[in-house]
Amino acid sequence: MNHDAYDNAYIAGILNSVKTIAMVGASANDVRPSYFVLKYLLGKGFSVFPINPGQAGKEILGRMTYARLADVPEPIDMVDVFRGSAAVPGVVDEVLRRDPLPKVIWMQLGVRHDEAAARAEAAGIKVVMNRCPKIEYGKLSGEIGWTGVNSGVLSSKKPLMRPGFQSFGVRQK
């Protein structure tokens, strides 16, 4: 797959199909991007499991934090990687040991590792690199346009409501 550009339908398909997300590198510090993204995804109705060895056993935003992916007690649909690119192969190793396998590995802005992505895709896992699910959700739901940002998505369709605060859901093409 070409990871330099993603079709909106590919991203929308992922965001509409996942319900549980493990966030590797989640932070308890409320000024860190991972904290803000965690809060946003929880507000949109996703079940998010923070993964942070230093915070294991504590709560972040009311969610129990786990030391590693293997500790999460239920199936995970998507793994959101908030770690540097060098950490991605280890995260993919952990993902590939899960049963059942997550559907998606999502690497945050600035995070890319083509070899690890190829291993995940060979196992049937979808991969997104160098993107933020919060930004993509806001763009595809029309929410980001509320602030005057050109999302590149025009629609006259009425927003689809999902559970959560101001949650309009992602439109499918």
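Computed over heavy atoms, backbone and side chain alike; hydrogens, waters and symmetry mates excluded.
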Salt-bridged, [X] to [Y], with N to O below 4.0 Å?
X: Arg119; Y: Asp93; answer: yes
X: Arg112; Y: Asp4; answer: yes
X: Glu136; Y: Lys139; answer: yes

Taking the side chain as everything from C-beta on, heavy atoms only, tell me whether [X] gets closer than 4.5 Å to [Y].
X: Leu96; Y: Ile125; answer: yes
X: Leu15; Y: Trp106; answer: yes
X: Ile14; Y: Lys103; answer: no
X: Val95; Y: Leu69; answer: yes
X: Tyr6; Y: Val128; answer: yes
X: Val72; Y: Ile51; answer: yes
X: Lys126; Y: Tyr10; answer: yes

Straight-line distance of [X] [atom1] to [Y] [atom2], nearest 0.5 Å:
X: Leu109; Y: Met107; atom1: CG; atom2: CE; result: 13.0 Å
X: Asp7; Y: Asn2; atom1: CG; atom2: CG; result: 11.0 Å
X: Ser27; Y: Ile60; atom1: OG; atom2: CD1; result: 6.5 Å
X: Leu41; Y: Ser34; atom1: CG; atom2: OG; result: 11.0 Å
X: Gln108; Y: Arg131; atom1: CD; atom2: CZ; result: 11.5 Å

| said: If hydrophobic clusters are built by linking Ile, Leu, Val, Met, Phe, Trp and Tyr wherever their side-chain heavy atoms come under 4.5 Å apart, do Met23 and Phe36 end up in the same one? | reply: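 No; Phe36 is not reachable from Met23 via cluster members.
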| query | For Arg63 and Leu42, what are the C-alpha separation, side-chain angles and deciding distance, and is it a side-chain contact (heavy atoms from CB on, under 4.5 Å)? | reply | CA-CA 10 Å; Arg63 300 291 298 176; Leu42 288 170; 4.0 Å; yes
Would you check if the side chain of [X] reaches a backbone N or O of [Y] as a donor-acceptor pair within less than 3.5 Å?
X: Asn52; Y: Gly25; value: no
X: Thr20; Y: Ser47; value: no
X: Tyr35; Y: Leu61; value: no

| query | Shortest non-hydrogen contact from Pro133 to Val37? | reply |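 Scanning both residues, the minimum pair turns out to be CG-CG1, 4.5 Å.
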| note | Tightest non-hydrogen contact, residues Val79 and Pro102, listed as CG2-CG, 4.0 Å
